[in-house]
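From a predicted model like this one, the values you see are computed outputs, not experimental measurements. Worth knowing before you read on, the calculation uses all heavy atoms, side chains too, and leaves out hydrogens, waters and symmetry mates.
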Amino acid sequence: MYILLTLFGAIVSYFFWIQCIYYRQNSAKSRKHLLRFMLCRDKQIKSSQTSDLTGDVRALFLTAHPDDECMFFAPAILRLVELNASVHLLCLSQGNYYNQGFQRREELLDSCAVLGIPASQVTIHDCKELPDDPNVEWSISMASSLILKHIRAHSINLVLTFDGRGVSGHSNHTAIYKAVSYLASIGNIPDDCSLLSLSTIGVLRKYLSFLELPISWLLPSDLCCVIGSKGYVQAKRAMLCHRTQLLWFRYLYIWFSRYMIINTFQVIDQGPKNLKIY
């Protein structure tokens with residue numbers, strides 16, 4: 001009996017801890033910290049200034065395929081939209097691996113509408129050098145050129161994309177990280193632009209859903225975005241827009257993936273600006 005009571009107390013305490021972390025992550029103080037990070041990490045932001053700064057955030061999510069935006073980045077997208085940031089999406093392929101490119105393009109636009117990204121701020125590329133194919137090595141030169149052009153054209157000051165492991169290990173995901181890292185290393189990214197990569201975690205943590213939150217909160221990260229039940233329903237609706245991708249295991253992903261609720265990011269370091277080699 002004592003063991004059962006102890007176990008029950010531990011479970012209740014764990015759920016209470018999750019609730020406390022969620023409210024802390026979504027507090028006014030947390031929103032202020034998020035804005036400070038995005039806009040001027042070296043400056044002090046007064047509480048009265050916070051609402052005035054949201055419109056200055058021009059965020060770009062870099063993805064490889066239609067459905068990446070809601071499978072992996074929904075928490076960050078929804079938090080930025082909530083803060084009235086100008087959110088853009090650049091998808092470097094139209095997902096034509098099974099010759100469904102046209103349908104997947106429309107599904108992406110529907111998904112972005114659910115997440116709060118207007119169609120005018122969604123760009124989908126379709127070029128031979130960047131096919132939707134895990135067995136094809138993407139041209140880093142082509143990808144980096146497209147990314148830099150988009151950053152400059154829209155005056156982007158925050159870029160969010162995959163890390164070196166690409167969450168799922170897909171070669172197209174990791175190619176985007178290589179392209180962004182290349183631009184960062186040679187100093188081609190504008191001075192006011194921050195770069196963030198989505199942290200890849202192990203399989204066990206990945207499928208703990210909201211139960212994984214205390215682990216993400218305890219481990220170091222540069223940015224953590226968490227959504228509640230309302231945000232999760234919105235992310236789920238976005239994922240259901242991708243009708244061509246709704247195989248049985250995708251439903252399991254929707255129910256159990258931590259990426260539907262939690263995003264943690266690390267800063268991508270940038271090298272000297274306008275590096276020249278003689």
Side-chain angles (χ1 to χ4, degrees), residues 59-77 87-112 115 117 122-151 156 159-185 188-189 195-203 206 235 238-239 241-247 249-250 253-254 257-260 263-266 268:
L60 173 64
F61 286 85
L62 295 173
T63 61
H65 319 105
D67 76 8
D68 288 348
E69 79 291 338
C70 53
M71 282 188 68
F72 306 118
F73 295 99
I77 292 174
V87 178
H88 298 250
L89 178 77
L90 174 59
C91 185
L92 293 182
S93 83
Q94 64 174 0
N96 202 38
Y97 188 68
Y98 292 107
N99 298 314
Q100 297 173 319
F102 178 78
Q103 298 100 303
R104 297 197 67 186
R105 175 185 288 268
E106 296 303 311
E107 291 169 356
L108 174 57
L109 293 173
D110 291 342
S111 171
C112 286
L115 294 173
I117 306 176
V122 178
T123 303
I124 307 168
H125 275 286
D126 179 29
C127 54
K128 294 179 180 179
E129 293 84 354
L130 306 175
D132 173 14
D133 190 335
N135 300 312
V136 174
E137 193 73 24
W138 276 10
S139 166
I140 301 304
S141 174
M142 171 65 76
S144 60
S145 176
L146 290 172
I147 292 167
L148 183 59
K149 182 179 179 180
H150 204 83
I151 290 173
I156 300 298
V159 174
L160 306 96
T161 191
F162 297 103
D163 67 2
R165 293 188 288 167
V167 180
S168 63
H170 198 296
S171 63
N172 298 164
H173 297 178
T174 59
I176 296 180
Y177 174 78
K178 292 175 184 176
V180 173
S181 295
Y182 168 72
L183 291 172
S185 67
N188 274 6
I189 299 295
L195 307 174
L196 292 173
S197 62
L198 180 65
S199 301
T200 298
I201 60 175
V203 174
K206 184 176 180 179
M239 187 61 208
C241 289
H242 293 279
R243 294 174 293 278
T244 60
Q245 305 303 300
L246 293 178
L247 303 175
F249 57 86
R250 293 298 170 95
Y253 184 94
I254 291 171
S257 175
R258 160 264 201 200
Y259 286 97
M260 296 290 292
N263 282 164
T264 50
F265 294 87
Q266 301 291 343
I268 300 175

TODO: Look at the side chain of Ser197 and the backbone N and O of Asp163, then say whether any donor-acceptor pair between them is shorter than 3.5 Å.
DONE: no
Open item on the list: Quick check on side chain to side chain contact (heavy atoms under 4.5 Å, CB included): which of Ile189, Leu195, Ile147, Leu183 does Val159 satisfy it with?
Closed with: Leu195
Open item on the list: By the definition ring-ring contact (aromatic ring centres under 6.0 Å, His included), identify the one residue from Tyr177, Phe61, Phe73 that meets it with Phe162.
Closed with: Phe73
Open item on the list: Quick check for you: to the nearest 0.5 Å, what is the distance between Cys91 atom SG and Glu69 atom CD?
Closed with: 7.5 Å
Open item on the list: Just so I know, are the side chains of Ile254 and Met71 near enough to count as touching, which here means a heavy-atom distance under 4.5 Å?
Closed with: no
Open item on the list: Looking at every non-hydrogen atom in both residues, tell me the closest pair between Gly95 and Pro66 and how far apart they are.
Closed with: N-CD, 3.6 Å
Open item on the list: His65 vs Tyr97, test: ring pair (Phe, Tyr, Trp, His ring centres under 6.0 Å). Steps then yes/no.
Closed with: CA-CA 10 Å; His65 319 105; Tyr97 188 68; 9.1 Å; no
Open item on the list: What I want to check is whether the side chains of Gln103 and His242 have a donor and an acceptor closer together than 3.5 Å.
Closed with: no
Task: Any Val180 side-chain heavy atom under 4.5 Å of Leu62 side chain - done: yes
Open item on the list: Could you check whether Ser93 and Arg104, counting side-chain N and O atoms only, form a donor-acceptor pair closer than 3.5 Å?
Closed with: no
Task: Steps toward side chain to side chain contact (heavy atoms under 4.5 Å, CB included) verdict (Gln245, Gln100) - done: CA-CA 10 Å; Gln245 305 303 300; Gln100 297 173 319; 3.6 Å; yes
TODO: Could you tell me the separation between the CD1 atom of Ile201 and the NZ atom of Lys206, rounded to the nearest 0.5 Å?
DONE: 8.0 Å
- [ ] Heavy atoms only: give me the nearest Ala184-Ile268 pair and the separation to one decimal.
- [x] CB-CG2, 4.3 Å
Open item on the list: Less than 4.5 Å apart, side chain to side chain, heavy atoms only: is that true for Ile176 and Leu92?
Closed with: yes
TODO: Grab the two heavy atoms, one from Ala74 and one from Asn263, that are nearest each other, plus how far apart they are.
DONE: N-OD1, 4.3 Å
Task: Main-chain N/O of Cys241 paired with Asp110 side-chain donor or acceptor, under 3.5 Å - done: no
Task: Within 6.0 angstrom of Tyr253 OH, more than 12 heavy atoms from elsewhere - done: yes
Task: Distance (rounded to the nearest 0.5 Å) between Ser144 OG and Lys178 NZ - done: 13.0 Å
- [ ] Can you see which heavy atom on Pro131 is nearest to which on Val136, and at what distance?
- [x] CG-CG1, 3.7 Å
Task: Heavy-atom side-chain proximity of Glu107 to Thr244 below 4.5 angstrom - done: yes
Open item on the list: For Thr174 and Arg165: C-alpha separation, side-chain torsions, deciding distance, then whether side chain to side chain contact (heavy atoms under 4.5 Å, CB included) applies.
Closed with: CA-CA 6 Å; Thr174 59; Arg165 293 188 288 167; 5.5 Å; no
TODO: Enter the distance from Leu196:CG to Gln266:CD here, rounded to the nearest 0.5 Å.
DONE: 9.0 Å
- [ ] Mind listing the closest non-hydrogen atom pair of Thr200 and Gly166 along with its distance?
- [x] OG1-N, 3.7 Å
TODO: Give a yes-or-no answer on whether the side chains of Glu137 and Ser171 include a donor-acceptor pair shorter than 3.5 Å.
DONE: no
TODO: Find the distance between OG (Ser111) and CD1 (Ile117) and round it off to the nearest 0.5 Å.
DONE: 8.0 Å
- [ ] Give the minimum heavy-atom separation between Ala179 and Ile140, together with the two atoms involved.
- [x] CA-CG2, 3.8 Å
Task: Side-chain touch Ile151/Leu60, heavy atoms, less than 4.5 angstrom - done: yes
Task: Side-chain heavy atoms of His173 within contact of Ser168, under 4.5 Å - done: yes
Open item on the list: Can you tell me how far apart OG1 (Thr63) and CG (Asn172) are? Round to the nearest 0.5 Å.
Closed with: 11.0 Å
Task: Residues Glu106 and Arg243 bridged, charged N to O under 4.0 Å - done: no
- [ ] Compare all side-chain heavy atoms of Asp132 with those of Gln94 and state whether any distance is below 4.5 angstrom.
- [x] no
Open item on the list: Quick one, Thr264 and Arg258 - any side-chain contact, counting heavy atoms below 4.5 Å?
Closed with: yes
